[in-house]
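Reading through the structure tokens given below for one structure.
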2 protein chains.
Amino acid sequence: MDKPTTKDLAKAAGVSLATVDRVLNARAGVRPATVERVRQAIKEIDFVRDMAAANLARNKVYRLVFLLPDHDDEFIGLIRNAIAEANMSMAHERVNVSIVRAPSNDPHRIAKILNTLSSEQIDGVAIMAPETPQVRDSIARLDAKGIAVVTFVSHQPTAESAYFVGINNRAAGRTVGQLMARFTGERKGEILVLTETMQARDSQERRLGFDTIMAKYAPRLGVRPSMETYGDPARTAKIVKTALESQPSIVGIYLMNHDFRDTMHAIEKQGAPQQTIIIGHELTPHTRACLIDGSMDAVITQDVGHLVRSSIRLLRAKATHVDTVASQERIRIEIILRENMP
Amino acid sequence: MDKPTTKDLAKAAGVSLATVDRVLNARAGVRPATVERVRQAIKEIDFVRDMAAANLARNKVYRLVFLLPDHDDEFIGLIRNAIAEANMSMAHERVNVSIVRAPSNDPHRIAKILNTLSSEQIDGVAIMAPETPQVRDSIARLDAKGIAVVTFVSHQPTAESAYFVGINNRAAGRTVGQLMARFTGERKGEILVLTETMQARDSQERRLGFDTIMAKYAPRLGVRPSMETYGDPARTAKIVKTALESQPSIVGIYLMNHDFRDTMHAIEKQGAPQQTIIIGHELTPHTRACLIDGSMDAVITQDVGHLVRSSIRLLRAKATHVDTVASQERIRIEIILRENMP
DNA sequence: GCGTAAATGAAGTACGTACCTCAAGTCAAC
DNA sequence: GTTGACTTGAGGTACGTACTTCATTTACGC
């Protein structure tokens with residue numbers, strides 16, 4: 001009652017191992033009727049190819065690339081660590097993962113890098129980059145070249161050939177909205193929304209989701225227009241100072257981008273009103289510390305290790321033309337409070 | 001620049017393949033000095049054993065067993081589905097998982113089942129059962145027999161040889177406490193705590209964590225003693241009726257066990273005060289529906305698929321005497337609101 | 001029925017590791 | 001210096017699949 005092998009399959013189909021091999025690997029030179037016979041036998045004896053052995057025989061290492069932004073914030077750091085760890089723990093899956101970095105505000109540069117990838121060197125790419133026409137075209141080109149692509153963290157809705165690994169940012173924004181609505185109790189006042197840039201689709205979607213819920217559940221609260229820091233500490237400090245001085249009735253702050261260390265620093269320096277609810281994205285050493293010392297109330301995050309492993313599994317499956325277990329690949333929107341911090 | 005193989009390792013260590021094999025598989029008959037030389041070489045050339053090939057060569061299927069309670073509630077159903085799914089998706093890992101069921105209130109029966117497992121048939125067991133001396137002894141016996149054991153969902157702190165796969169229930173209770181404290185706003189009143197039985201260690205720990213946070217963050221709220229339903233619908237209805245009638249100032253309800261369909265039904269029938277915050281455990285079809293229709297406010301859950309896969313990985317690693325990636329095995333306490341429901 | 005092309009089979013090597021056997025080596029105690 | 005125990009090496013087979021080569025069979029048009 002052991003698992004059937006290709007040998008059993010050959011016997012069941014009444015053909016030789018060579019023919020089984022031809023069918024399994026879609027090689028030419030087999031009559032359609034014979035192909036069908038083998039297909040039938042596969043179903044009958046419930047044959048599943050031993051991919052470990054197959055890959056061993058192929059002696060192929062799947063070379064995957066993560067394209068990441070070239071600035072070094074905490075979130076990117078976590079991703080890099082997760083990639084390094086995955087490279088270790090998934091070694092027996094015959095994957096070799098490397099990282100390529102590009103300035104996220106230079107679509108041409110990103111496109112150039114993607115366009116130079118050839119299917120001889122690379123089997124798959126996970127792309128974390130803002131949505132631009134250049135990147136979209138590059139993804140189509142990669143697809144045409146037979147290189148597997150997933151979009152990573154940043155959704156590229158116009159790139160149909162690439163599966164998206166990340167959270168639904170609209171839902172993430174809604175989640176923050178719900179927490180903000182409830183954590184502020186019955187208090188009235190204003191909500192500040194800060195982000196690095198509203199150019200990013202992620203920010204737009206989060207904002208959209210956030211507004212929907214705030215309008216529905218907390219009409220008592222006024223949500224201010226998004227303020228952009230452009231990642232500039234001086235500008236950030238100025239914005240925060242002005243906002244907090246002119247708005248004495250702040251009851252909540254939503255930090256919409258990841259790695260808002262400068263922003264938190266500015267808020268702490270300026271001093272927010274007592275009981276101000278502060279919610280932001282991504283669990284990092286910094287946000288972890290903020291949860292512990294109480295300067296933040298909640299963090300919405302996605303499991304970085306899961307993101308990376310999921311991307312790798314999907315790329316590998318795509319490169320091998322194999323199906324995947326979809327349920328394992330859904331990235332959850334996690335709510336972290338001080339009490340359930342991992 | 002390929003990945004080093006045992007052959008490369010043999011050359012690097014200046015020994016033969018046979019000796020490398022003896023060292024790698026901890027076989028006897030190698031001088032300590034030689035062992036050390038090979039160990040050094042492993043580090044030097046950064047050798048990692050190709051587990052896929054190793055398992056192929058071993059041609060061993062790891063037979064794992066999940067011991068589950070024999071009553072069929074929604075949570076157990078989810079676990080069974082997850083096990084079936086894992087059996088499919090981890091087939092290439094050479095694991096075969098089966099389920100054995102036992103009445104969770106009959107420790108002798110459970111112990112008897114565990115004691116009949118022999119290391120010839122079974123390589124590992126994941127045990128979901130209440131903590132009892134009988135089970136604890138059985139676990140020790142399994143360990144002595146060389147069968148890998150993890151405790152699953154229910155912590156058995158006295159069984160040192162078994163790794164625990166599940167959440168910290170104390171922290172889970174604290175998390176519920178924090179949500180309850182915040183979701184009730186500034187309102188004053190009483191909190192009901194309902195569970196199937198306080199005999200279960202899980203319930204005790206959740207309660208402990210819950211009380212800690214409530215005392216600290218919501219002293220305005222009175223937390224009532226835990227009420228036990230014993231899984232009896234009639235009793236449940238009576239308890240809920242009495243509690244809600246005699247306590248007009250209920251502002252929150254904590255449902256501490258999983259699968260509280262009867263309890264929710266009784267609450268809905270009796271009618272809780274407007275704005276009563278209801279929080280419970282485990283995301284199931286029922287709690288999912290409750291979140292959507294607003295009859296529940298939050299659900300604390302653990303990823304069942306993750307629980308199962310983690311158990312399998314750990315058992316398999318233990319059976320193979322291999323290290324694991326700890327970070328991948330930590331089960332998170334997930335907070336689910338309507339907005340971030342997966 | 002003959003020639004040709006297409007389909008199929010038989011048998012091999014390879015992947016990286018496990019595990020076995022047997023021979024040959026080393027070393028220390030006597 | 002012999003004995004015996006321990007250590008090491010050499011070489012084999014096996015796991016399930018990929019891929020190749022070459023021989024053989026089948027099908028079809030004439």
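Annotation: proximity of residues 11-26 of chain B to DNA chain C (heavy atom, distance under 4.0 Å) is found for B/Asp21, B/Asn25, numbered in ascending order.
Rounded to whole angstrom, the span from the NZ atom of A/Lys7 across to the P atom of C/dG9 amounts to 15 Å. In this entry the distance linking CZ of A/Arg27 with P of D/dA18 reads 7 Å, nearest Å. In this structure, CZ of A/Arg37 is placed 14 Å from P of C/dA7, rounded to the nearest angstrom. A/Asn59 has its CG atom 15 Å from the C1' atom of D/dG16, to the nearest Å. Here the C1' atom of nucleotide C/dG16 and the CG atom of B/Asn55 are 12 Å apart, to the nearest Å. Separating the CZ atom of A/Arg58 from the P atom of C/dG16 is a distance of 15 Å, rounded to the nearest angstrom. Distance A/Leu9 CG to D/dT17 C1': 12 Å, rounded to the nearest Å. The interatomic distance linking B/Asp50 (CG) with C/dC15 (C1') rounds to 9 Å, in whole Å.
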Where protein sits on nucleotides 23-28 of chain D, one letter per nucleotide: B base, S sugar-phosphate only, - none, heavy atoms under 4.0 Å: ------
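Listed pair A/Arg49 / D/dA18 meets the phosphate criterion, a side-chain N or O lying under 4.0 Å from OP1 or OP2. Contact annotation: A/Thr34 side-chain N/O to C/dT8 OP1/OP2 distance is under 4.0 Å.
Looking at A/Thr19 and A/Val30, their side chains come closer than 4.5 Å, going by heavy atoms from C-beta outward. Residues B/Ile76 and B/Pro69 meet the side-chain proximity criterion, which asks for heavy atoms closer than 4.5 Å. The shortest distance between side-chain heavy atoms of B/Ile147 and B/Val125 falls below 4.5 Å.
For the atom pair CD of A/Gln134 and CZ of A/Arg109, the computed distance is 14.0 Å after rounding to the nearest 0.5 Å. Atom CZ of B/Arg37 and atom CD1 of B/Ile42 lie 13.0 Å apart (nearest 0.5 Å). Taking CD from B/Gln156 and CD1 from B/Ile139, the interatomic distance works out to 4.5 Å, rounded to the nearest 0.5 Å.
For A/Ala54 and B/Val35, each mapped to the nucleotide of DNA chain D holding its nearest heavy atom, the one lying further toward the 5' end belongs to B/Val35. Between A/Thr6 and B/Pro32, the residue anchored closer to the 5' end of DNA chain D is B/Pro32, taking for each the nucleotide with the nearest heavy atom.
For the residue pair A/Asn115 and A/Lys145, the shortest heavy atom distance occurs at O-NZ, 2.9 Å.
Ring planes of A/Phe66 and A/Phe152: perpendicular class, angle over 60° (limits at 30 and 60°).
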Intermediate values then yes/no, side-chain contact (heavy atoms from CB on, under 4.5 Å), B/Asn55 and B/Arg316: CA-CA 11 Å; B/Asn55 289 318; B/Arg316 211 176 149 298; 2.7 Å; yes
side-chain contact (heavy atoms from CB on, under 4.5 Å) between A/Asp8 and A/Thr5, intermediate numbers included: CA-CA 5 Å; A/Asp8 303 322; A/Thr5 70; 3.6 Å; yes
Test log, rule side-chain contact (heavy atoms from CB on, under 4.5 Å), inputs B/Tyr163 and B/Leu315: CA-CA 9 Å; B/Tyr163 195 92; B/Leu315 287 176; over 6 Å; no
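Salt-bridge annotation for A/Arg332 and B/Asp303: present, with a side-chain N of the basic residue lying under 4.0 Å from a carboxylate O of the acidic one.
Direction change of the helix axis from one end of the helix from C/dG1-D/dC30 to C/dC30-D/dG1 to the other is 30°, with five pairs defining each end axis (rounded to 10°).
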